[in-house]
Amino acid sequence: MPVNTIAYQNIIKELISSSTILVAVSKTKPNEDLMELYELGQRDFGENYVQELVDKAASLPKDIRWHFIGHLQSNKVKYIAPFVHLIHGVDSLKLLQEINKQAIKNNRVIDCLLQIHIAEEETKFGLDETELEQIITQIDQIPNIRICGLMGMASFSEDQHKVRNEFKKLNRIFTQNKPWFIKHSSKEPILSMGMSGDYPMAIEEGSNLVRIGSLLFGARNYTK
Ligand SMILES: *Cc1c(COP(=O)(O)O)cnc(C)c1O
């Protein structure tokens, strides 16, 4: 399926007015597809699989900002630590400590978002509010990590009311902790929420970074 450059232009226009960042989620898609958006000016790309991210980063232009948006295993942090721009789905202190260790090895500070569990589904990863507070109180001992904000995924549901409430919940937790994020990261905090099916609502509910895949690149085919 071809890249939907019309949808891309429209989304960019929509996002400009709210200064929302677009991460183009390119998992399973070939390099040519990413390059099509790159040529149109897109620089933020998101991937879920470490090996795929490493391969793409090696062969695509060096000014791409690579976002890791999947569930990261501690033993794989070392592969992306040299270059990753932002790790979205951090949900344990153990993982933060490993990212910190690899960041020190690479002589850099790695930006991370903490993932909050907002969906009712059991399968979605993330922290609850108590776990978030625990991590925040221990973060000063982790010098090469910068916590820039929060990430979350709403339920995959037709029930718009339910999805909106999950976004509201995440925005409430984000807003409560905003002063800490600003102090800790010295920059405008990031709230990463919203995907192809729900991003307009996510923006209404306070998102300033959306992760959009299928709307730009077409449906994914996992059988290949
Ligand atoms: C795949 C994925 C997306 C993009 O999903 P679309 O529905 O294709 O826009 C966004 N966020 C995460 C964490 C993903 O895994």
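Whatever order the structure lists them in is the order used to number ligands and atoms, beginning at 1. Index from 1, following the sequence.
- By the 4.0 Å heavy-atom criterion, I69 is counted among the residues contacting ligand 1.
- Considering only residues two or more places apart in sequence or on other chains, Q138 meets the side chain to side chain contact (heavy atoms under 4.5 Å, CB included) condition with L93, Q134.
- Taking every heavy atom of I212 and a limit of under 4.0 angstrom, the matching atoms of ligand 1 come to 9 (O).
- The salt bridge (charged side-chain N to carboxylate O under 4.0 Å, His left out) with E47 is formed by just one residue from the set K29, K27, K56; it is K56.
- Taking every heavy atom of M153 and a limit of under 4.0 angstrom, the matching atoms of ligand 1 come to 13 (C).
- In summary, the atoms of ligand 1 found under 4.0 Å from a heavy atom of N48, numbered by their order in the structure, are 14 (C), 15 (O).
- Residue E166 is tested with K168, K169, K162 for a side-chain contact (heavy atoms from CB on, under 4.5 Å); the sole match is K162.
- For the pair R146 (side chain) and H184 (backbone), a donor-acceptor distance under 3.5 Å is absent.
- The distance from ligand 1 to the heavy atoms of S196 drops below 4.0 Å at these ligand atoms: 6 (P), 7 (O), 8 (O), 9 (O).
- If you chain together ILVMFWY residues whose side-chain heavy atoms come under 4.5 Å of each other, V25 ends up grouped with I69.
- Ionic pairing of E98 and K78 is not present here: no N-O contact between side-chain nitrogen and carboxylate oxygen is shorter than 4.0 angstrom.
- Polar contact check, G213 against ligand 1: a nitrogen or oxygen pair lies under 3.5 Å apart.
- F125 and H71 have parallel rings, their planes meeting at less than 30° on a 0 to 90° scale where 60° marks the start of perpendicular.
- Listed by atom number, the atoms of ligand 1 under 4.0 Å from K27 heavy atoms are 1 (C), 2 (C), 3 (C), 14 (C), 15 (O).
- For the pair R220 and ligand 1, a heavy-atom separation below 4.0 Å is found.
- Below 4.0 Å from some heavy atom of R211 lie the following atoms of ligand 1, by number and element: 4 (C), 9 (O), 10 (C), 11 (N), 12 (C), 13 (C).
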